[in-house]
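Keep in mind that what you see is a predicted model, and the values were worked out from it rather than measured. Remember, it's 1-based here, ligands and their atoms both numbered in the order they're listed.
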Amino acid sequence: MKTPVPDYLNHVLSACHDNKKGALADYIPELASVNPDKLGLALSTVDGTIYSAGDDDVEFTMQSLSKPFAYALAIKELGLKQVLEKVGVEPSGEAFNQISLEKERNIPKNPMINSGAITTHSLIPAKKTVSRAEQLRRFLSGLAGRELSFDEQVYNSEIKTAFRNMSIGYMLRTVGVLDEDPKEIVHGYIKQCAIKVTVKDLAVITSILANGGVHPKTGKRMLDRALVRQLLSVMLTCGMYDAAGDWLTTVGIPAKSGVAGGIIGVLPGQVGIAVFSPKIDEHGNSVRGVRIFENLSHDMGLHLMEGTPSAQTILQSRYTVGKKNNVVVYELRGVLQFTESEMLLRILQDEPEGKSTIILDLTNLTLMHDVGARMLFEGVDRLKQDGHKVLVVDSEGLLDKDQLKGRKRVVVTEELEKFLEKYE
Ligand code: DON
């Protein structure tokens with residue numbers, strides 16, 4: 001059988017192919033000469049599968065798609081506290097290039113609008129031999145898994161007409177948000193905007209974000225979980241600028257757009273999506289890109305507020321083994337966050353006091369959140385207090401080092417079937 005997903009993506013593209021609305025971002029002269037008909041789409045799952053359709057190998061400049069990643073790099077290097085002192089997290093409800101500041105603190109309202117992004121760029125620690133834009137290029141190349149490059153023509157072109165960004169830079173210098181030459185910072189920011197990607201690159205990058213910072217293919221942690229949470233929160237509230245409310249109610253996926261026509265979206269725990277179509281609307285968001293996201297969200301039930309019914313499925317099965325049927329196995333499945341853990345503890349509550357061996361099998365769990373681990377072991381302790389012997393089977397190594405702390409004696413890493421042979 002062939003999965004129908006690629007056909008579906010092609011169908012989504014053809015449904016909006018004839019939409020000619022919008023205009024090229026001609027305030028950057030080089031972008032006025034791109035082919036307006038290009039159209040690409042890629043979708044990644046949290047196990048690292050990538051589907052793509054249309055112009056999926058065409059490179060385009062990230063523009064504002066670079067902003068969340070500069071924010072991530074600044075937080076990674078400086079820590080969130082220091083970054084928050086210079087850039088807020090409030091949606092502005094204004095255009096992306098608005099010359100404005102947060103009233104009380106005189107700092108940019110958020111890192112997704114240009115004033116915040118120019119500031120964020122300046123927060124990437126300066127190095128003598130590696131420019132900030134180059135640091136970001138390397139960081140993004142690491143996430144994408146290939147060497148990305150700059151589009152020098154687009155960079156030089158934007159520099160020539162960067163009057164608005166320059167005025168934002170000088171305003172930031174005036175109020176002390178920037179403490180370096182604003183011209184250099186703005187040039188660096190424009191360079192970061194000129195990093196080239198394809199929708200396939202973006203699908204790889206967004207799969208890492210959707211997977212809580214862990215690369216789905218390699219299993220390597222690329223970004224801190226808390227950092228990903230911060231990033232996606234800001235994308236959700238500010239990523240689509242003054243269309244953020246419209247976007248949240250219709251599409252409901254944390255997202256970021258760029259004036260070259262790219263849009264990325266990340267649905268935590270589920271999918272990463274990237275589209276490219278150069279014509280943009282009055283907010284600076286790709287016209288066909290927005291349509292595609294609306295269709296995908298609607299057809300595939302991807303709206304964040306749809307919620308997941310995972311809490312109903314935490315217990316896959318309960319059965320007993322052993323000659324005296326005194327070994328009770330609980331096979332769990334799905335994700336173990338607060339709601340599921342609460343349900344599990346409620347189920348375990350019905351286990352009568354006694355001297356049974358209780359086995360909690362984690363093999364079919366896909367995610368163990370910290371709160372899940374804490375509540376699971378709380379359950380383990382209480383079952384022990386009731387007189388039971390309790391073992392947790394973690395053959396897939398789902399529990400991380402911190403979650404395992406002090407618990408090693410109750411955790412078994414053998415496969416459940418093998419382990420149960422002892423009781424037959
Ligand atoms: O600073 C600018 O105006 C561009 N380099 C980037 C703006 C942008 O992509 C806005 N987003 N949709």
Assess the residue pair Ile314 and Leu336 against the criterion (side-chain contact (heavy atoms from CB on, under 4.5 Å)); give the C-alpha distance rounded to whole Å, side-chain angles, the decisive distance to 0.1 Å, and a yes or no.
CA-CA 8 Å; Ile314 188 61; Leu336 204 57; 3.5 Å; yes
Test side-chain hydrogen bond (donor to acceptor under 3.5 Å, both in side chains) on Lys279 and Asn19 and set out the steps.
CA-CA 10 Å; Lys279 283 181 151 184; Asn19 186 339; over 6 Å; no
Apply salt bridge (charged side-chain N to carboxylate O under 4.0 Å, His left out) to the pair Glu331 and Arg318, showing each step before the final yes or no.
CA-CA 6 Å; Glu331 282 187 8; Arg318 177 193 181 279; over 6 Å; no
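Looking from atom 1 (O) of ligand 1 to the surrounding protein, the closest heavy atom is Tyr189 OH, 2.7 Å.
Taking every heavy atom of Gly284 and a limit of under 4.0 angstrom, the matching atoms of ligand 1 come to 11 (N), 12 (N). Taking every heavy atom of Ser257 and a limit of under 4.0 angstrom, the matching atoms of ligand 1 come to 11 (N), 12 (N). In the vicinity of Gly258, heavy-atom distances shorter than 4.0 Å reach the ligand 1 atoms 9 (O), 11 (N), 12 (N). Ligand-side atoms of ligand 1 in range of Tyr27: 2 (C), 3 (O), 4 (C), 6 (C), 7 (C), range being under 4.0 angstrom from any heavy atom. Taking a cut-off of under 4.0 Å to the non-hydrogen atoms of Tyr241, the atoms of ligand 1 that pass are 10 (C), 11 (N), 12 (N).
Any N or O atom pair closer than 3.5 Å counts here, and Asn114 shares at least one such pair with ligand 1. Ligand 1 has an N or O atom lying under 3.5 Å from an N or O atom of Asn165, backbone or side chain. Ligand 1 has no N or O atom lying under 3.5 Å from any N or O atom of Lys67, backbone or side chain. Annotation: Val259 places an N or O atom under 3.5 Å from an N or O atom of ligand 1; distance criterion only. In terms of polar-atom proximity, Cys193 is not counted as a contact of ligand 1, lacking any N or O under 3.5 Å from an N or O of the ligand. At a 3.5 angstrom cut-off on N or O pairs, Glu158 counts as close to ligand 1.
Of all the heavy atoms of Arg164, none lies under 4.0 Å from any atom of ligand 1, so neither backbone nor side chain is involved.
Cation-pi geometry between Lys191 and Phe150 is satisfied (NZ or CZ under 6.0 Å from the ring centre, within 45° of the ring normal).
Looking at Asp400, Asp394, Asp381 one by one, the single match for salt bridge (charged side-chain N to carboxylate O under 4.0 Å, His left out) with Arg407 turns out to be Asp381.
Counting heavy-atom neighbours within 6.0 Å of Lys20 NZ, excluding the residue itself, gives a total above 12.
When Ala25, Ser64, Ser66, Ala194 are checked for heavy-atom proximity to atom 10 (C) of ligand 1, Ser64 turns out nearest.
Applying the side-chain contact (heavy atoms from CB on, under 4.5 Å) test to Ser149 and every residue at least two apart in sequence or in another chain returns Lys196. The ring-ring contact (aromatic ring centres under 6.0 Å, His included) test applied to Tyr189 returns no partner, not counting sequence neighbours.
Summarising the geometry, atom CZ belonging to Arg105 is positioned 8.5 Å from atom CD belonging to Glu85; distances are rounded to the nearest 0.5 Å.
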